[in-house]
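Hydrogens, waters and symmetry mates play no part in the numbers below; they use all other heavy atoms, side chains included. Residue numbers begin at 1 in each chain, while the letters A, B, ... track the order of the sequences.
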Amino acid sequence: MRVPVPDEAFTMEKPRVRFAPSPTGYLHIGGARTALFNWLWARKTGGTFVLRVEDTDQERSTDESTRVILDSMRWLGLDWDEGPDVGGPHGPYFQMQRLALYRAHADRLVAEGKAYRCYATREEIDALRAKLPEKKRDGFVYPHLWREKTEADWLPGAPYVIRFKSPLVGATEFIDKVFGAIKTPHSSIDDFVIMRSDGVPLYNFGAVVDDVTMGITLVARGSDHIINTPKQILLYEALGAVVPEFAHLPMMLTPDGKKMSKRLAEQQGIDVPVEKYREKGWAPDGLLNYIARFGWSAGDQEIFSRDELIAKFDWAHCGTNDGRYDKKKSLWVSGEHLKRLADEDFAARVYPFLATVGVTIAQDDPRLLPAARTVKTRSARLLDAAESMVFYFQETIALDPAAVEKFLTNEARANLRAIADVLAGVKDFTEAGIGVAVEAWLVERSLEIKVVAQPARVALTGRTASPGLFEVIAVLGRDESVRRLRSAADA
RNA sequence: GGCCCCAUCGUCUAACGGUUAGGACAUCGGCCUCUCACGUCGGUAAUACGGGUUCAAAUCCCGUUGGGGUCACCA
């Protein structure tokens, strides 16, 4: 019997969570998931979602990348309460604008004997490592060259890094909100560098100083950061700060179970940059649904609106095992979201994609809504929907040669002319009215719709798969339908 | 290799010591049907292995195996 616990979301202090991408490319689908879980928690609890740009890797960081990532975040609707553009009381929100802060904290740690200057050069350390027998090189750790030195030993003017003086014995344990207790022996934590010789902090230090000064109460991120957590806890303690809560999320892997690098994933037909999903016509809520449901569940429910996600999200139902991206399921989820859209909304969303498949019509073209309606339940993504719609708007449709060969026989062509004549005389030119008239003609000729449907479909759409025949005719209109039928018959 | 983590259908997951191990995607078959979809009905399909603990183990413990993460003056 489960002991009822008060809903944590409503009994705790308002949490402050954050998403801290480094601007070295695009928004990774896995990063989007991390951002989503943080955002959901903030929105559910009335807490604060902070966006911070970790741009300390000057080699790879670009403004363009920052722009792309922010764009993707906005497209997903993951709005931030503090961060770039919106500002906030704990800014700046770009790490490269906070250098003095890291410097001050690092110097303080040195002054307190909790960190130290290390003048050993990289070459010097590499040489030491190279001297080791092959087998021991993997486990090589910094050999404490400068750990016990004092200010008197400093080399004025020479470059140095600042290393953290990690405890030699004991262990650090923390209770992860997803994984539970995780314990790491200090023997596996070396005197890691916290400040580079150029005065720029390294990830573990910059993140901790920022999380402390930004008042972050819960750090949720991918499980690849579990390994960093003990180091960071040591840093919080050295800084005299309150250690936040941690929640790690299992990894999203490729279909064959590998780390989702862009190259590897794309080989398996999986898109990694969020912008690709936008380009292919995912509804943002559909993508959010798929990645939320990945590693998290709420009973048997599969489809969630954004508001349901916010209402139902919790850490207790986050799983612990890494998962593999399932493209077919992701497409199904996407389709389910499109299916639930009102026809007008769906049509408006498809519209921009028509241009990308070469259809230029006005946004208020009267054919748009009825045409969109016919493909709504047949499309996984908006781009797919647009592709299924092109034949409606083409002056001259391209007839699939194989389809012509198979279906446009002489007998079929005669039928097409006859159907064209029937259509020319239909009074009630609606899907139902057209159906009645054509059925009557079929009865009169003792024909089955089976034998005339495919030829007519090819004539009207150019292809062998399309929405229902009478729907298509109704959308095309009398004149265009008759024209296409006769044109195909005479071709 | 060291350290950390993980292990239920092909895939995402439910299960809080007692269930005929449930759902979804995929797959297979039926229905619907002018094609493709949608919809609908049904089937196949899982507790990695070995030891404990317990009246009872997918569930707790140990080990094995397998997988992932991580070992930078990247993040």
Determine the interatomic distance between C1' on B:C6 and the same-named atom on B:U13; round to the nearest Å.
15 Å
B:A72 C1' sits how many Å from A:F164 CZ, rounded?
18 Å
Partner lookup for B:G1, please. Criteria are Watson-Crick or G-U wobble with both distances under 3.5 angstrom; report none if nothing qualifies.
B:C71
Assess the side chains of A:N228 and A:Y203: does a donor N or O sit below 3.5 Å from an acceptor N or O?
no
Report the residue (A:S379 or A:P185) whose heavy-atom-nearest nucleotide on RNA chain B is the more 5′ of the two.
A:P185
Span that lies between the C1' atom of B:C25 and that of B:C62, in whole angstrom
37 Å
So that I can tick it off, tell me whether A:R417 and A:D421 are bridged by a salt bridge, with the cut-off set at under 4.0 angstrom between side-chain N and carboxylate O.
no
Looking across every strand, which nucleic acid part, if any, lies under 4.0 Å from A:N228 by heavy atom: base, sugar-phosphate, or nothing?
base
Assign A:P255 to base, sugar-phosphate, or nothing according to its heavy-atom contacts below 4.0 angstrom with the strands shown.
nothing
With rounding to whole Å, what would you report as the distance between B:G30 and B:A48 at their P atoms?
34 Å
Counting the atoms with a prime plus P, OP1 and OP2 as sugar-phosphate, which does A:G319 contact under 4.0 Å by heavy atoms, base, sugar-phosphate, or nothing?
nothing
Counting heavy atoms from C-beta on, name the nucleotide in B:U35, B:C3, B:U8 closest to the side chain of A:I227.
B:C3
Is there a side-chain polar atom (N or O) of A:K258 under 4.0 Å from OP1 or OP2 of B:G68?
yes
Given atom CG of A:D211 and atom P of B:A75, what is their separation to the nearest angstrom?
15 Å
How about A:F174 and A:F179: are their ring centroids closer than 6.0 Å?
no
Given B:A75, B:G69, B:A7, the nucleotide with the shortest approach to the side chain of A:D224
B:G69
Between A:Q454 (CD) and B:A37 (P), how many Å, whole number?
12 Å
Closest listed nucleotide, where the reference is the side chain of A:H317 and the choices are B:U11, B:A37, B:C16
B:C16
Taking atom P in both B:A57 and B:U19, what distance in whole Å separates the two?
10 Å
P atom, B:C28 versus B:C5: distance in rounded Å?
42 Å
May I ask you to verify if any side-chain N or O of A:T184 is less than 4.0 angstrom from the OP1 or OP2 atom of B:C4?
no
Should the pair A:E302-A:K329 be classified as a salt bridge under the 4.0 Å nitrogen-to-oxygen rule?
yes
Identify which nucleotide among B:G68, B:A75, B:U13 has an atom closest to any side-chain atom of A:L202, counting heavy atoms from C-beta outward.
B:A75
With rounding to the closest Å, how many angstrom separate the P atoms on B:A37 and B:U27?
10 Å
Under 4.0 Å, counting only non-hydrogen atoms across every strand here, what does A:R463 touch: a base, just sugar-phosphate, or nothing?
nothing
Polar atoms only, N or O, under 3.5 Å: list the protein pairs with nucleotides 18-28 of chain B and their distances.
unit_1: B:G22; atom_1: N2; unit_2: A:D300; atom_2: OD1; d: 3.4
unit_1: B:G23; atom_1: N2; unit_2: A:R293; atom_2: NH2; d: 3.3
unit_1: B:G23; atom_1: N2; unit_2: A:E302; atom_2: OE2; d: 2.9
unit_1: B:A24; atom_1: O4'; unit_2: A:E302; atom_2: OE2; d: 3.3
unit_1: B:A24; atom_1: N3; unit_2: A:K329; atom_2: NZ; d: 3.3
unit_1: B:C25; atom_1: O2'; unit_2: A:K329; atom_2: N; d: 3.2

Minimum-distance nucleotide to A:I449 side chain [options: B:C34, B:C6, B:C3]
B:C34
In whole angstrom, give the distance that lies between atom OH of A:Y26 and atom C1' of B:A75.
13 Å
Nearest to the side chain of A:V161, which nucleotide is it out of B:C4, B:A7, B:C73?
B:C73
Starting the side chain at C-beta, find the nucleotide from B:A37, B:C12, B:C38 nearest to A:K339.
B:C38
More 5' along RNA chain B: A:E471 or A:S223, using each one's nearest nucleotide?
A:E471
Between B:C6, B:C34, B:A75, which nucleotide has the shortest distance from any of its atoms to the side chain of A:D57?
B:A75
Mind checking if A:S197 touches a base, just sugar-phosphate, or nothing, with heavy atoms under 4.0 Å?
base
Taking any strand in view, what nucleotide pairs with B:A21 in a Watson-Crick or G-U wobble way, both distances under 3.5 Å?
none
When you compare B:A45 with B:C12, how far apart are their C1' atoms, in angstrom units rounded to a whole number?
15 Å
Measuring only the P atom in each nucleotide, how far is B:U65 from B:G23? A whole number of Å is fine.
36 Å
Side chains of A:R98 and A:T213: donor-acceptor distance under 3.5 Å anywhere?
yes
Integer-rounded Å distance: B:U33 C1' and A:R378 CZ:
11 Å
A:N321 side chain N/O closer than 4.0 Å to the phosphate oxygens (OP1, OP2) of B:C12?
no
Separation between CE of A:M260 and CD of A:E266, rounded to the nearest 0.5 Å:
10.5 Å
Separation of A:R340 atom CZ from B:C38 atom P, in whole Å?
13 Å
From the candidates B:C4, B:C34, B:C73, the one with an atom nearest any side-chain atom of A:R457 is B:C34
Rounded to the Å, how far apart are A:M251 CE and B:C4 C1'?
13 Å
For the residue pair A:R163 and A:W146, would you count it as a cation-pi contact if the rule is NZ or CZ under 6.0 angstrom from the ring centre and within 45 degrees of the ring axis?
no
Under a 3.5 Å threshold, yes or no: a donor from one side chain and an acceptor from the other, between A:D210 and A:Y93?
no
Quick one: is B:G39 close enough that its OP1 or OP2 comes under 4.0 Å of any side-chain N or O from A:T377?
no
Honestly, is A:R349 close enough over A:F353, meaning NZ or CZ under 6.0 Å from the six-membered ring centre and within 45° of the axis?
no
Classify the ring geometry between A:H248 and A:F246 as parallel (under 30°), tilted (30 to 60°) or perpendicular (over 60°).
parallel
Which nucleotide, B:C3, B:U13, B:U35, lies nearest any side-chain atom of A:S188?
B:C3
Anything under 30° is parallel, anything over 60° is perpendicular, the rest tilted; go ahead and classify A:W282 against A:Y277.
perpendicular
Rounded to whole Å, please give me the gap between CD1 in A:I125 and C1' in B:C71.
15 Å
So what does A:S187 hit on the nucleic acid, given a heavy-atom distance under 4.0 Å: a base, only sugar-phosphate, or nothing?
nothing
Cation-pi check for A:F304 against A:K312: NZ or CZ below 6.0 Å from the six-membered ring centre and within 45 degrees of the axis, yes or no?
no
Residue matched to B:G42 through Watson-Crick or wobble contacts both under 3.5 angstrom
B:C28
If you look at every strand shown and take non-hydrogen atoms under 4.0 Å, does A:S22 touch a base, only sugar-phosphate, or nothing?
sugar-phosphate
Can you tell me the Watson-Crick or wobble partner of B:C49, both distances under 3.5 angstrom?
B:G63
Verify the contact: side-chain N or O of A:T320 to OP1 or OP2 of B:A7, cut-off strictly under 4.0 Å; return yes or no.
yes
With a 4.0 Å cut-off on heavy atoms, is A:T464 in touch with a base, just the backbone sugar-phosphate, or nothing at all?
base
Check every strand shown and say whether A:K183 touches a base, only sugar-phosphate, or nothing at a heavy-atom separation below 4.0 Å.
sugar-phosphate
